[in-house]
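First listed ligand is number 1; within each ligand, the first listed atom is number 1.
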Amino acid sequence: MRETFNNIPKIKYEGPKSKNPLAFRFYNPGEAIGGKTMREQLKFAMSYWHTICGEGADMFGPGTADKSFNEKSPMYLYKHKARAAFELMDKLSIDWFCFHDRDIAPESLTLAGSNARLDEMTDIIGDLMRESGKKLLWGTANLFSNPRFMHGAGTAANAEVFAFAAAQVKKALEITVRLGGTGYVFWGGREGYETLLNTDMGFEIDNMARFLKLMTAYGRKIGFKGDYYIEPKPKEPTAHQYDFDAASVLAFLRKYGLEKEIKLNIEANHATLAGHTFQHELRTARENGAFGSIDANQGNLLLGWDTDQFPSNVYETAFCMYEVIKAGGFTNGGLNFDAKNRRGSYKHEDIFKGYILGMDSFALGLRLAYKIIEDGRLDAFVENRYKSFKTGIGADIISGRATVEDLEKFALDKGDVMEFVESGGQEELEGIVNQIFFAG
Ligand code: XUL
Ligand code: CO
């Protein structure tokens, strides 16, 4: 088959000292860490939209990267994109991918026409998957680009748009099932508002729940066995997105009885846009039994929008992998690089360098997370910090035996409790982290 990235070799692991820009320095797919290979632990996925479709357009100018692959007719172009996607995954040893319906097949003038194109491309992608052994981590529907979705999809002010969105997700679920997808993502797209002056917020959120109930039930009816995820995001494109962060999505799911059916897909840059750390969002998901999958990227903290950069911050990847390990690892989820090259990194080889950076950063993160756990000082500090709840009055609080009167008697007897209060030790702990990371 004709190669698309013909100047790029298969990327190999060459070790930390390699100066080859097209080699992994830390990601060694077959190496075992924590009883599983890095490949199994990290479950890297390619995002079809950024990687195969995104050309780097911004508010001030068109794209700089050529993803037209010298093809003129739309369906030839999308067939070429599919081959390029599988070539790229093969060369980077990426086993999984994720797509929106409109990434894999161009939209036609009618829904029926769009569905026919999707059917054709699904067959082609299915063949490429069988030949290569690559797998679909999750599918989703693009309910935000077409102008009909300007006021949202499930939360649109028009029932006609709600119906169209449902039909589009129905098809996206069907192709996800046909391709054996292990997940399906609901990212809120334009589900939110610009101003409350024109918005019935309660009604829109009720409709969002109606939409999700209909669609999740339909997926199960046609045999979808994987996980459903909501991907929280606080803003962009709308000023206020209903799926603001992990905690607000969990409250929404519980209000409408959807918490058993839908987990969370946590994205690093969405976390920071919400004013949280990536680890905070992962911890919130994990503590609520809702941890599912990850959109791996990194924001520019000086900017107020979703820059979707390839991750390079190893502190972030280490504490992300710490949460993943504590959650018991991925089941149906994985690490999807919802990340794109900077507009100035416009060459095909820059895509590979972006993925190499992201995969190496997560490989380092995985190695460092295990070091933190093996070192044990951080976990021991936290465990020890709450030790007063193990015995005496603390144990009575936990078991529910202690009454308010008991607590008052205890406090009166003690007189003052300041002598029991210990240091939070933040600086000591941050120093320990640096020691674990850099002392070899
Ligand atoms: C948008 C975003 C989406 C979802 C899938 O910020 O993250 O690409 O991951 O719709
Ligand atoms: Co995302």
Requested in this report: Scan residues 352-361 for pairs that pass salt bridge (Lys or Arg N to Asp or Glu O under 4.0 Å), counting only residues two or more places apart or in two chains.
Outcome: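 Applying salt bridge (Lys or Arg N to Asp or Glu O under 4.0 Å) to every pair that reaches into residues 352-361, excluding sequence neighbours, yields E349-K353.
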Query raised in the report: How would you list all residue pairs meeting salt bridge (Lys or Arg N to Asp or Glu O under 4.0 Å) that involve residues 372-381, not counting sequence neighbours?
Result: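 The answer is K326-D379, D375-R377.
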Query raised in the report: Backbone N or O of F437 within a donor-acceptor pair of the K371 side chain at under 3.5 Å?
Result: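 Answer holds: no.
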Query raised in the report: Distance-only, no hydrogens or angles: does the E261 side chain make a donor-acceptor pair with backbone N or O of L258 under 3.5 Å?
Result: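 No; zero donor-acceptor contacts below 3.5 Å.
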Presence of salt bridge, [Y] and [X], under 4.0 angstrom:
{"X": "K81", "Y": "E71", "answer": "no"}
{"X": "K91", "Y": "E87", "answer": "yes"}
{"X": "D95", "Y": "K135", "answer": "no"}
{"X": "K347", "Y": "D350", "answer": "no"}

Report task. Quick one: name the protein N/O/S atoms under 2.8 Å from the Co ion (ligand 2), chain by chain. Result ->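 Those protein N, O or S atoms (cut-off: under 2.8 Å from the Co ion (ligand 2)) are E231 OE2, E267 OE1, D295 OD2, D338 OD2.
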Exercise answer, ligand 1 polar atom pairs (N/O) under 3.5 angstrom:
residue	atom	partner	partner atom	Å
ligand 1	6 (O)	K233	NZ	2.9
ligand 1	6 (O)	H270	NE2	2.9
ligand 1	6 (O)	D306	OD2	3.0
ligand 1	7 (O)	E231	OE2	2.7
ligand 1	7 (O)	E267	OE1	2.8
ligand 1	7 (O)	H270	NE2	3.3
ligand 1	7 (O)	D338	OD2	2.7
ligand 1	8 (O)	W49	NE1	3.4
ligand 1	8 (O)	D338	OD2	3.3
ligand 1	9 (O)	E231	OE1	2.8
ligand 1	9 (O)	E231	OE2	2.9
ligand 1	9 (O)	D295	OD2	2.8
ligand 1	9 (O)	D338	OD2	3.0
ligand 1	10 (O)	H100	NE2	2.7

Requested in this report: State whether the number of non-hydrogen atoms from other residues, nucleotides or ligands found under 6.0 Å of M201 atom CE is greater than 12.
Outcome: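 Counting neighbours around CE of M201, 12 or fewer heavy atoms of other residues, nucleotides or ligands fall under 6.0 Å, so no.
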